[in-house]
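Here is the structure we will look at, set down as structure tokens.
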Amino acid sequence: MLLWLAVATSSLVSALLVTPRLARLATAWGIVDHPDPRKVHRGPVPYLGGGAIVAALAVGLGVGLGVVGLGGTTLPWPAAAECLELGALLLGGVVMFAMGLADDARGLRVRYRLALQLAAASAVYAAGVRVEALALADGWVLSLGAWSYVWTVLWIVGLTNAVNFIDGVDGLASGLCTVASAAIGYVALSNGQYATAVVMVALIGALLGYLPFNWHPARIFLGDSGSLLLGFVLASAAVSTAAKAAAFVGLAVPAIALGVPIIDTAFAVVRRAIERRSVFAPDRQHVHHRLLDLGYHPRRVAVVLVIEAAVATIAAIALLNVVPQARLVVVLGLLTLHLGLFRWCGALRLRDALRLRRTAASEDLAPAGLVSAEWEGRLRDCVTVDDWWRSVCGVAAELGCTALRFQLDRRDGGVLDLRWSADSGAGGEPAAAPAELPVRHRRRGPPLVLAVTGPVDGEVGIRRLAGLLERHSLAELGTSRLGIAPATA
């Protein structure tokens, strides 16, 4: 008992002390996250939270080693094989932290990030952290054979990026990782893997000490350095615990605990593949964005998703131990619970993506002549008038239009006059007479007018722009941050 209490307390206190100091340091160094239409914060926020997690985790593990070395516990010292696995796991986590820190500070190409993730996952596999068989039920064991490497690496890399993708609302990623750490720690204790359990307890303490500063309104973000570190350590620890007992249970429990980011990432990958976009291209279609669009406060979004994950995890631990013959049925049922949440909040939007793909194909979108499917996706994701106007201007530029003008009434009785013009030195083509395109501002009443000026041969592009404005008008938005009358009047 002394060991667990010392580890948890030391890592928690360390996080409480280090986090605010790192926030000030990140602000001084300019390592801050600036707001944009996809994010909920209104001003720059430092994102060096991963450093606080690393420091608190190191202190907790150091205290744990001290307690064991001084004979403060009767737990046996881990075997050499387990020490090697834990060493590879922690070293890989440090590599993820360093890579994320470089990405936060200067930005890294996707190919370099994936290469480092694959290398770190392969190193963990070489150290013995691997899944070679899945015990789906009593007497039903699925041997992976040569696929063991593929399964292990895909699990680690996939879960690492899933935690990174879900880090879009204050406190959400750190809250979900706290639940996952407790779940993996429970499985490790059940297997007698006390060293792995110590790592999870230290991680729980670090996250609990960090959460008060990450709760909405956040004073610091995890950043890629923190989310990639957490995802890698949790994914590798799950594989390590799975390899020592019933592998299916060892992976199923953390998979249920992190079911929200796993499912969210899976749908994001499929959606972006359908839309012919990069897997890492940002959008506002994640589950937390859908809940925000339903009017939920950011704090409530995090609470709802974390509580749902905790309830599903407790149910998984209870049911998998009670009915081992029906493990697969239990896991599928709990994953269906997650899917029900996604369905309820409208995060399952693959049908919209397919419709967008068919629209793009039917109109024969050529790179030089018509707007790309990516712009349609951006217009679909807009939530404010200023965001919508920037997207419309980007579409107009790609279509070859030379100028836009749009006027709408403000709440204070004034008129908001929005104008855009292309670079005067970018063309020289004669301008056509302005076209006037209707823009639905309210669900009832006459539309507003967007005046469009384009090149003489731009009629096809203007028709395309008219179609986009019909599908993605101001009537689809909520109240604007620019202070205009609501579009849903």
Side-chain angles (χ1 to χ4, degrees), residues 8 11-29 31-36 38-60 93 96-97 100-101 103-105 160 162-182 200-234 257-258 260-261 264 286-289 291-292 296-310:
S11 59
L12 187 148
V13 172
S14 298
L16 288 173
L17 295 175
V18 171
T19 304
R21 290 166 173 77
L22 278 179
R24 291 192 292 269
L25 187 63
T27 302
W29 287 352
I31 306 178
V32 295
D33 188 24
H34 296 281
D36 66 37
R38 296 177 52 253
K39 300 170 182 175
V40 298
H41 60 286
R42 300 297 179 85
V45 178
Y47 53 108
L48 203 55
I53 301 297
V54 168
L57 183 60
V59 171
M96 291 298 101
F97 168 75
L101 190 61
D103 192 34
D104 289 336
T160 298
V163 173
N164 181 244
F165 286 174
I166 204 65
D167 187 23
V169 171
D170 300 344
L172 177 56
S174 46
L176 290 173
C177 288
T178 303
V179 174
S181 299
M200 292 298 102
V201 170
L203 195 55
I204 291 171
L207 287 167
L208 291 178
Y210 167 78
L211 261 172
F213 304 96
N214 187 230
W215 207 242
H216 186 82
R219 285 177 277 173
I220 189 171
F221 291 156
L222 282 172
D224 285 347
S225 61
S227 58
L228 293 175
L229 162 73
L230 289 172
F232 186 89
V233 170
L234 291 174
L258 292 171
V260 170
D264 187 63
H286 294 285
V287 61
H288 46 277
H289 291 137
L291 289 171
L292 290 171
Y296 279 73
H297 189 274
R299 190 176 300 159
R300 180 172 292 184
V301 171
V303 169
V304 166
L305 293 178
V306 171
I307 290 179
E308 192 270 346

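The structure presented is a predicted model; accordingly, all values stated were derived computationally and were not measured. The basis for the numbers below is simple: all heavy atoms, side chains too, and nothing from hydrogens, waters or symmetry mates.
- The closest side-chain heavy-atom distance from L203 to L234 is below 4.5 Å.
- Side-chain contact between V260 and V306: absent, with no pair of heavy atoms (C-beta onward) separated by less than 4.5 Å.
- Side-chain contact between F221 and V32: absent, with no pair of heavy atoms (C-beta onward) separated by less than 4.5 Å.
- Side-chain N or O atoms of D264 include none that pairs as donor or acceptor with a backbone N or O of H286 at under 3.5 Å.
- W215 CH2 to L172 CG: the interatomic distance, rounded to the nearest 0.5 Å, is 8.5 Å.
- Side-chain contact between L292 and R300: absent, with no pair of heavy atoms (C-beta onward) separated by less than 4.5 Å.
- Looking at heavy atoms from C-beta onward, R219 lies out of side-chain contact with P46 at the 4.5 angstrom threshold.
- Side-chain contact between L207 and L230: present, with at least one pair of heavy atoms (C-beta onward) separated by less than 4.5 Å.
- For the atom pair CG (L57) and CE (M200), the distance works out to 8.0 Å, reported to the nearest 0.5 Å.
- For the atom pair S227 OG and L222 CG, the distance stands at 6.5 Å (nearest 0.5 Å).
- The distance from the CG atom of D103 to the CG atom of D224 is 4.5 Å, given to the nearest 0.5 Å.
- For the atom pair CE of M96 and OG1 of T160, the computed distance is 7.0 Å after rounding to the nearest 0.5 Å.
- Inter-residue side-chain proximity for H216 and V169 is flagged as unmet; no heavy-atom pair is nearer than 4.5 Å.
- Listed here is the closest heavy atom pair of I166 and V287: CD1-CG1, 4.0 Å.
- Separation of atoms OG (S174) and CG (L208) is listed at 9.5 Å; rounding is to 0.5 Å.
- V163 places none of its side-chain heavy atoms less than 4.5 Å from the side chain of D167.
- When all heavy atoms are compared, the tightest approach of S181 to I204 is CB-CG1, 3.5 Å.
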